[in-house]
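Because the structure is predicted, anything quoted here is derived from the model rather than measured. Computation of the quantities below employed the complete heavy-atom set of this structure, encompassing side-chain atoms and omitting hydrogens, waters and symmetry-equivalent molecules. Chain naming here is simple, since letters A, B, ... match the order of the sequence lines and numbering starts at 1 in each.
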There are 2 protein chains.
Amino acid sequence: MNETTDGAGVELADHASFLLSQLGAHAAQRFAERLQPLGLDPKQFGVLTQLAKSDGQSQQQLADAMRLHRNVMVGLIDELEGGGFVQRRRHPSDRRAHAVHLTETAWELLPPAREALDALDTELIGGLAVEEQRHLTRLLRNLTDAAGLAPGVHPNLP
Amino acid sequence: MNETTDGAGVELADHASFLLSQLGAHAAQRFAERLQPLGLDPKQFGVLTQLAKSDGQSQQQLADAMRLHRNVMVGLIDELEGGGFVQRRRHPSDRRAHAVHLTETAWELLPPAREALDALDTELIGGLAVEEQRHLTRLLRNLTDAAGLAPGVHPNLP
DNA sequence: TATTGTTATACTCTATAACTATA
DNA sequence: TATAGTTATAGAGTATAACAATA
């Protein structure tokens with residue numbers, strides 16, 4: 001038996017699962033690199049996008065939305081508050097909770113952050129024809145839905 | 001200014017980069033779960049597939065191939081040797097190095113491991129028409145190549 | 001001098017539990 | 001009794017440096 005020719009090996013690069021995982025890890029890493037000049041890491045950016053959808057959420061609400069434990073959110077908000085991106089204010093109806101609000105700085109950071117994401121799309125799939133880019137994006141969206149992944153939610157970020 | 005309607009937000013689920021990262025992390029996690037009954041984690045499986053391609057490599061060669069530091073490989077080979085999947089033998093030409101060899105147990109594990117990967121492909125993209133599955137796989141392979149990712153190499157696995 | 005395997009150390013992440021103040 | 005925020009601690013994972021044996 002010859003281990004190099006008997007076909008017992010596994011051709012990882014022919015499997016969609018492996019390619020997705022490989023390309024996904026690369027995308028996450030490149031996104032982190034593109035976010036870095038803005039002073040953000042991916043998790044912090046996730047909090048900001050959540051607050052952009054609905055400002056003033058409690059830390060528990062943010063943790064639920066991002067599928068993180070509330071203990072992790074404490075540190076995230078600490079970092080974001082230290083960086084001047086969010087403020088902890090008194091919650092209007094629950095004295096246990098904080099209402100987390102975006103600062104002007106954070107609001108101004110969202111457009112360049114979106115541009116970073118657009119640029120990354122171009123970097124990764126810009127080689128395709130425009131209609132093929134749209135087709136792939138729609139296809140990927142269908143696959144995430146079929147896999148039961150919540151839209152815009154991404155645990156396990158670097 | 002109303003933060004819920006002014007469009008400052010970022011629609012993550014519309015960006016191919018985000019979808020790739022989200023789906024890729026999911027694929028990696030599900031693959032780890034499918035590998036677990038075989039007594040392997042993804043990194044250990046990576047070593048096994050490398051050795052299946054060429055048995056008897058040194059730890060340094062394996063580390064280079066997998067883009068890991070040789071220090072990490074020590075622990076990986078320790079685990080695999082403890083599980084009875086590989087043996088450290090005397091290297092035929094370099095007395096500093098070990099020749100790492102697959103055991104019979106490991107050879108017998110490769111077919112079910114490949115089946116696990118096939119099953120995961122079906123789980124993730126089985127909802128597509130067969131020709132569309134092939135088209136997507138080819139497309140993803142082209143994207144990994146364009147991104148400069150080495151075929152079959154995947155650092156940062158869980 | 002450089003390389004292979006190894007060990008030790010520090011640093012980051014994550015998961016869990018426990019505490020406080022409120023509900 | 002349960003929940004929001006916080007803190008502390010332990011575990012996994014990773015990165016770096018150093019060492020002995022050999023090239």
Given protein heavy atoms under 4.0 Å, the one-letter contact record of nucleotides 4-9 of chain D, with B base, S sugar-phosphate only and - none, is simply SBBB--
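Screening B/L76, B/L80, B/L51, B/D55 for a side chain to side chain contact (heavy atoms under 4.5 Å, CB included) with B/V100, the sole residue that qualifies is B/L51.
One can place CG of A/N156 at 18 Å from P of D/dA12, the figure rounded to the nearest angstrom. In this structure, CG of A/D64 is placed 11 Å from P of D/dT3, rounded to the nearest angstrom. Put simply, CG on B/L76 is 14 Å from C1' on C/dG5, counting in whole angstrom units. For B/M66 and D/dT14, the CE to P distance is 11 Å, given to the nearest whole Å.
Within the structure, every pair that satisfies the side chain to side chain donor-acceptor pair (under 3.5 Å) test and touches residues 37-51 of chain B, not counting sequence neighbours, is listed here: B/Q44-B/E79. Residue pairs meeting the salt bridge (Lys or Arg N to Asp or Glu O under 4.0 Å) criterion with at least one partner in residues 116-125 of chain B, sequence neighbours excluded, are B/R30-B/E123, B/R34-B/E123. Residue pairs meeting the salt bridge (Lys or Arg N to Asp or Glu O under 4.0 Å) criterion with at least one partner in residues 146-158 of chain B, sequence neighbours excluded, do not occur; the list is empty. Pairs passing the side chain to side chain donor-acceptor pair (under 3.5 Å) check and including a residue from residues 131-144 of chain A, sequence neighbours excluded, read A/R141-A/D145.
An angle of 10°, rounded to 10°, separates the two end axes of the helix from C/dT1-D/dA23 to C/dA23-D/dT1, each defined over five pairs.
With sequence neighbours excluded, no residue forms a ring-ring contact (aromatic ring centres under 6.0 Å, His included) with A/F85. The ring-ring contact (aromatic ring centres under 6.0 Å, His included) search around A/H15 returns none, not counting sequence neighbours. Shown here are the side-chain contact (heavy atoms from CB on, under 4.5 Å) partners of B/A28, two or more places apart in sequence or in another chain: A/S21, B/L157, B/P158.
OP1 and OP2 of C/dT12 both lie 4.0 Å or more from every side-chain N or O belonging to A/K43.
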